[in-house]
Amino acid sequence: MSAAAFFDLDRTLLPRASGPALSQAFREVGVLSGTRIPGEELMEGLMFGIFDLIGETKPSMLLAKQGVRFSKGWNAELVAEAGKIAASRLVDDVLPYARTEMEKHRREGRDLVIATTSPDYLVRPLAEALGFDDIVATRYASTDGVFDGSVDGHYVWGKGKLTAVREWVEANGVDMAESYAYSDSWYDLPLLKAVGHPVAVNPDPRLAVAATARRWPVRYFDSPEGVPQFAGVEPLRALSMLARPELVPYARFDFAGLKHVPEQGPAIIAANHRSYFDVYALAAILSKRGRLARFISKREIFDAPLVGSIVTAMGAIPVDRGSGSDAPLVAAAEALDAGEVVVILPQGTIPRGRAFFNPQMTGRPGAVRLQRMTGAPIVPVSLWGTENVWPRSARVPNMANIVHPPKVRARVGEALRLPDGISSEDGMELVMSSIFDLHPPQGKVAHVPTPEELARTFPPNSSDDPSNSSEDPSSSSESDESASGS
């Protein structure tokens, strides 16, 4: 037997109720009067606003059920036209990670089915536009092309939805035990319990409790898998509000070229790496463009107490250096396919010792591979001066320096689309040279560091730190070279 993935519509595939879009379309085709009675718009907004906030309630669903009776006398052709108009507007509202989840099921050979209380005439054109295989939706009965105010079959809600889905399963030879179901609503608990793989999506309060008790996965289709939300807000979005230069008096920021960061759609930000403060500088750039980003970070950060939980909640992507695993690229590609920004530091780590002062940079080909996988543009970014705010030799940035704060210079270059057939090595060389071209003049020439400057490039108490050795640092290059290659 085959398997299927059943998706609810409102507050699951879509971020909110589809009702307002359908109501507007009804007015456009003349099914509903274009003139609203006093207070009608306010009441409609209040009703759908409550639904968007807390999901289905029994009173609201009983009211929706009465809508079947109100449809008596409507022209079925005009209703179908309104459904197509509404669907054409709703298709762009489908949540980004709902699309990636749908694609995953397509690759794995499962049927895609929308299972919703919403009327068939709305859902079918939307399902076709999204590439679904079928729908299980409430059908309004009609006679001679006119709705008669009754339901043809089941009212697809609660136990009625489970019954309708079971009939579809039996007719299509699908195994419920191997199937998936996605919903936000407590009232879909019968269906969720009936499949082998239930997933609570943006759950209402009661479903959230039920999902936690049953250890079901909880997803939010506007965020990557594993990223929680609190009161509907992802932690990264809340933290991005703090990535504002005026909130950091111990550094001055000099930004240019921000227009090259696209305001929407996927992008790969590739930047050089000089300090732990680079992350904040990049976040500030993206915040100015109204974008969130998924940072690709080394696994050690995720394994650290507390900090690991924070970066996981922010949707960062872990990399096991030296493992050869493609999992980070797959996760990054999924984020890009969802229209997000992915930040990658091709050097992999902050150079140590003399390598820190070498203007020639080398990078790993992750950004090139990501562009090949997704087609997303690579946006080069040059960072300079972040090491003066937070040198590698310090455990925290120097937040006391507010009288003469160091300047952080950031330049964003034009997006790169690498030529077809270019090798990973040549592609990466092009990316790194694009970053190099954005550097200030002092960043393009070799610099002979002092012992103090060298010491600032090593972690605290590092055995490679020349200040911890009696040897002449100018004669010791082996440790620097090995460290820069780590």
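Computed over heavy atoms, backbone and side chain alike; hydrogens, waters and symmetry mates excluded.
The salt bridge (charged side-chain N to carboxylate O under 4.0 Å, His left out) test applied to Asp278 returns no partner, not counting sequence neighbours. Every ring pair (Phe, Tyr, Trp, His ring centres under 6.0 Å) that Tyr140 has, sequence neighbours left out, goes to Tyr121, Phe147. With sequence neighbours excluded, the residues forming a side-chain contact (heavy atoms from CB on, under 4.5 Å) with Ile422 are Leu418, Pro419, Asp426, listed by chain and number. With sequence neighbours excluded, the residues satisfying ring pair (Phe, Tyr, Trp, His ring centres under 6.0 Å) with Phe255 are Phe253. In terms of the salt bridge (charged side-chain N to carboxylate O under 4.0 Å, His left out) criterion, Glu429 has no residue partners (sequence neighbours excluded). In terms of the ring pair (Phe, Tyr, Trp, His ring centres under 6.0 Å) criterion, residue partners of Phe7 (sequence neighbours excluded) are, by chain and number, Phe132, Tyr182. Applying the ring pair (Phe, Tyr, Trp, His ring centres under 6.0 Å) test to Tyr155 and every residue at least two apart in sequence or in another chain returns nothing. Residues meeting the side chain to side chain donor-acceptor pair (under 3.5 Å) test with Arg291, sequence neighbours left out: none. Considering only residues two or more places apart in sequence or on other chains, Ser223 meets the side chain to side chain donor-acceptor pair (under 3.5 Å) condition with Gln229, Glu234. By the salt bridge (charged side-chain N to carboxylate O under 4.0 Å, His left out) test, Glu225 pairs with Arg219, sequence neighbours left out.
For Trp390 and Tyr280, the distance between ring centers is not under 6.0 angstrom.
Judged purely by distance below 3.5 Å, without hydrogens or angles, the side chains of Arg206 and Ser185 never pair a donor atom with an acceptor atom. Checked by atom type, the side-chain pair Glu178/His197 shows no donor-acceptor distance below 3.5 Å.
Separating the NZ atom in Lys161 from the NE2 atom in His154 is a distance of 14.0 Å, to the nearest 0.5 Å.
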Show every donor-acceptor pair shorter than 3.5 Å between a side-chain atom in residues 207-216 and any protein atom, with sequence neighbours excluded, or say none if there are none.
residue : atom : partner : partner atom : Å
Thr212  : OG1  : Ala208  : O            : 2.8

Anything under 3.5 Å between a donor and an acceptor, one on a side chain of residues 375-382, the other on a protein residue two or more places apart or in another chain? List them.
residue : atom : partner : partner atom : Å
Ser382  : OG   : His439  : ND1          : 2.6

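When atom types are taken as modelled, the side chain of Asp10 and the backbone of Ser18 share a donor-acceptor pair closer than 3.5 angstrom.
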